Amino acid sequence: MNNWKKLLCSLTFVCLILPVTSISAAAEKPVDHENLVPVREIAAKNGAEVSWQQNTGQITIRKNELTIVVKVGEKQAIVNGQVIPLEHPVQLTKGVTFMDGEFLTEALKAAPEDMFISLLSEGDGNEAAKYVHTSVSGVLSPTLLSQLWGALEGQNGRITSKAIAKQVENNSVHRNVTYTFKTELTNVNITVRMNHDGLVDDLYIAPATPDVYQKPSYDDPSAYTEQKITVGQGDLALPGTLTLPKGEGPFPVVILVHGSGASNQDAAIGGAKPFRDLAVGLASQGVAVLRYDKVTYEHTYKVASQPKFTLKQESVDQVTDAVALLKKNAHIDSTAIFVAGHSQGGFAVPLIIAEDKQHDIAGSILLAAPSSRFVDVLTEQQDELLDRMKQRGLDTEIIQRQVDFYKNVAAIVKDPNYSVDHLPEAFPLQPAYWWFEQRDYVPAELAKTQNIPMLILQGENDVQVSMDQFQNWKTALQGHSNVTYNSYPKVNHLLSSYDGLSIGQEYAEPSNVSKAIIDDIAKWVLKVE
């Protein structure tokens, strides 16, 4: 590989103040057409812009986040602040500037995210780290980046080829470039999240699964519009969507809060997009919906770098930001802002209400929400899955090991010898702080102390949050006259109707949120409003 190619792979994105020199010393020479090409012509073909300073002989070529600076007579290029030697000096002949053709073509084709991925595949973490923004450099360190590719292959088998697909998607926070790689066992997606400065701001790695989602029959695009919004600001800002009913408004609005794990704003899993279904379904009935990418999805490694990351940071703070945003929107009725939490999001709703110091939230909706301590729900969930698999006559050997694992986790969390100030040295589910920080939190007990209209909905076919949790809500809130309860015989944890006994396998198939749930939410919101 030529020296300039090696240097091109190690560009750093910094600014450089260039010295001013005169063009007068640069004598015109015959053009070596075999190696040199006209700068403006090649730049135009590659979608780049060229500017020229006659008094200095400086030519600047810009394409997206890439900036190349050269000078007539000099045998170097400055690429995003990095000096790269050229094979031949830049020449000016009859008013046309010429420079090394191979270098210019390669440089204009080389996107920073491509260079970053290439360096990852080579295990060159030191060079890859030069592409990383300071906000995440603490966790996307040279050491981690050097090991990342090997770790991927250790989990999924050898990566057998270069990327078989590349997809670019922009949101209000990141330019997301997703590469799909084929491995010996499966396909893997690596999403490089680029910030507005052209630096790597985070990564998201997940299995590459086909999108089999199908829009529900109640999705009427003529009944709503969608606006791209940003929730919060700074390093953890989140891209989202505000779905508005057609008409003048102002409209009541529901803020959706995710369950466990890293989820996008649709809460997509397998063949389901429950948050999208809720948004379009409710908007068609006159209720606006705000949804956003979860912080652990959009800022995965950034969050992982915080050893004291809490449930509040994961599921509560964003609602505070969302409420502030909605109160400024002329299309929204600021007296009718509701919050709806699914699964872990519902578990966090009492914390969200407690954080609502100005009492801006008019009511809360719990969707398959745990009412007990998290570790108790976790072990109950495993026992329920084991029992259902036995009912279906399935092999339970692997699940039994999983049950034993989570019961061991629960035992450690409940051990009074440990606390946030004295964490176990080797806790199997990191970050340990998250588990111990909220181990004594019981949602139903906190909700008892609050006086806000609530709608509690539960699927009776839910393998992850049982009807016992639903009954616990009823018991705890029996003295509250402003709480409404509904359960649905066939509905599973994804809020869709399923005829068989749910064990989660059906999540891979296309499904939609039950229309009965959407109807009940819309009716309740409009009544409370």
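If you're wondering where the values come from, they're calculated on a predicted model, not measured in any experiment.
- The closest side-chain heavy-atom distance from I517 to L457 is below 4.5 Å.
- For T310 (side chain) and Q313 (main-chain N/O), a donor-acceptor pair under 3.5 Å exists by modelled atom type.
- The two atoms that bring K228 and T241 nearest to each other are NZ-OG1, 3.2 Å, heavy atoms only.
- Take E506 and apply the side chain to side chain donor-acceptor pair (under 3.5 Å) test, not counting sequence neighbours, and it matches N492, S502.
- Looking at residues two or more places apart in sequence or on another chain, you find a salt bridge (Lys or Arg N to Asp or Glu O under 4.0 Å) between R291 and E226, D266.
- Checked by atom type and distance alone, the side chain of T243 never pairs as donor or acceptor with a backbone atom of A279 at under 3.5 Å.
- With Y179 contributing its side chain and D114 its backbone, the two residues share a donor-acceptor pair below 3.5 Å.
- Residues N482 and N451 bring a donor and an acceptor atom of their side chains to less than 3.5 Å of each other.
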*Begin from the C-alpha positions of N189 and T178 and carry the test side-chain hydrogen bond (donor to acceptor under 3.5 Å, both in side chains) through to its verdict.*
CA-CA 6 Å; N189 283 339; T178 300; over 6 Å; no

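- At distances below 3.5 Å, not a single donor-acceptor pair connects side-chain atoms of N187 with backbone N or O atoms of A208.
- Considering CD of Q214 and OG of S511, their distance stands at 9.5 Å, rounded to 0.5 Å.
- Under the ring pair (Phe, Tyr, Trp, His ring centres under 6.0 Å) criterion, the residue pairs touching residues 400-421 are Y418-H422, with sequence neighbours excluded.
- Identified under the ring pair (Phe, Tyr, Trp, His ring centres under 6.0 Å) test for residues 198-227, with sequence neighbours left out: Y204-Y297.
- Of the inter-residue distances, the one linking L256 atom CG with S263 atom OG reads 12.0 Å to the nearest 0.5 angstrom.
- Residues satisfying the salt bridge (Lys or Arg N to Asp or Glu O under 4.0 Å) test with K407, not counting sequence neighbours, are D383.
- Annotation for Q391: atom CD counts as buried by contact number, over 12 foreign heavy atoms lying within 6.0 Å.
- In this structure, Q167 places its CD atom where only 12 or fewer heavy-atom neighbours from other residues, nucleotides or ligands lie under 6.0 Å away.
- Taking 4.0 Å as the cut-off between side-chain N and carboxylate O, K294 and E314 count as a salt-bridged pair.
- Each of V253, L242, L290 was scored for a side-chain contact (heavy atoms from CB on, under 4.5 Å) with N329, with one residue passing: L242.
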_Derivation and outcome, side-chain hydrogen bond (donor to acceptor under 3.5 Å, both in side chains), residues Q285 and D519_ = CA-CA 8 Å; Q285 298 194 40; D519 290 344; 2.7 Å; yes

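- Closest heavy-atom contact between L455 and I521: CD2-CA, 3.9 Å.
- Counting only distance, with no hydrogens or angles, the side chain of Q400 and the backbone of L386 share no donor-acceptor pair below 3.5 Å.
- Remark: D360 pairs with K327 by the salt bridge (Lys or Arg N to Asp or Glu O under 4.0 Å) rule, at least two apart or across chains.
- The two residues A322 and I255 come nearest to each other via the heavy atoms CB-CD1, 4.0 Å.
- Sorted by first and then second residue, the salt bridge (Lys or Arg N to Asp or Glu O under 4.0 Å) pairs involving residues 485-501 (not counting sequence neighbours) are K490-D499.
- Nearest heavy-atom pair across T230 and S172 is OG1-OG, 2.6 Å.
- A salt bridge links E113 to R175: one of the charged nitrogens lies within less than 4.0 Å of a carboxylate oxygen.
- Looking at residues two or more places apart in sequence or on another chain, you find a side chain to side chain donor-acceptor pair (under 3.5 Å) between E384 and R388.
- By the neighbour-count criterion of 12 heavy atoms within 6.0 Å, atom NZ of K246 is densely surrounded, having more than that number from other residues, nucleotides or ligands.
- No side-chain donor-acceptor contact under 3.5 Å links D321 and Q233.
- Residue A237 comes nearest to P239 through the heavy atom pair O-CD, 4.2 Å, listed as atom of the first residue, atom of the second, then distance.
- A salt bridge links R373 with D376: at least one charged nitrogen is closer than 4.0 Å to a carboxylate oxygen.
- Side chain of T449 to backbone of L446: a donor-acceptor contact under 3.5 angstrom is found.
- Side chain to side chain, E355 and T320 fail the donor-acceptor criterion of an N or O pair below 3.5 Å.
- Among residues two or more places apart in sequence or in another chain, the salt bridge (Lys or Arg N to Asp or Glu O under 4.0 Å) test is passed with D211 by K273.
- Residues that satisfy the side chain to side chain donor-acceptor pair (under 3.5 Å) test with E445, not counting sequence neighbours, are K448.
- Taking CG from D462 and OG from S343, the interatomic distance works out to 7.5 Å, rounded to the nearest 0.5 Å.
- The local environment of NZ in K390 is sparse, with at most 12 non-hydrogen atoms from other residues, nucleotides or ligands closer than 6.0 Å.
- For D202 (side chain) and R193 (main-chain N/O), no donor-acceptor pair under 3.5 Å exists by modelled atom type.
- Using a distance-only test at 3.5 Å, with no hydrogens or angles considered, a donor-acceptor pair links the side chain of Q450 to the main chain of P350.
- Among residues at least two apart or in separate chains, there is no ring pair (Phe, Tyr, Trp, His ring centres under 6.0 Å) pair with a member in residues 459-479.
- Residue pairs meeting the ring pair (Phe, Tyr, Trp, His ring centres under 6.0 Å) criterion with at least one partner in residues 340-387, sequence neighbours excluded, are H342-H493, F347-F374, F347-Y441, F374-W434, F374-W435.
- Remark: the Q458 side chain and the Q469 side chain contain no N/O donor-acceptor pair separated by less than 3.5 Å.
- In this structure, H174 has its ring center closer than 6.0 angstrom to the ring center of H299.
- Judged by distance alone, the side chains of T160 and E184 never bring a donor and an acceptor atom under 3.5 Å apart.
- For E153 (side chain) and I159 (main-chain N/O), a donor-acceptor pair under 3.5 Å exists by modelled atom type.
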*Between E298 and N171, does a side-chain hydrogen bond (donor to acceptor under 3.5 Å, both in side chains) hold up when you go through it step by step?*
CA-CA 10 Å; E298 193 70 21; N171 61 37; 3.2 Å; yes

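- Between P216 and D277 the shortest heavy-atom distance is CD-OD1, 3.5 Å.
- Note on D235 versus K302: no salt bridge recorded, every NZ/NE/NH1/NH2 to OD/OE distance being 4.0 Å or above.
- Here L203 contributes atom CG and L148 contributes atom CG; the two are 6.5 Å apart, rounded to the nearest 0.5 Å.
- Of the possible donor and acceptor atoms, none in the side chain of K515 sits under 3.5 Å from a partner among the backbone N and O of N512.
- Under 3.5 Å, the side chains of D421 and S419 contain no donor-acceptor pair of N or O atoms.
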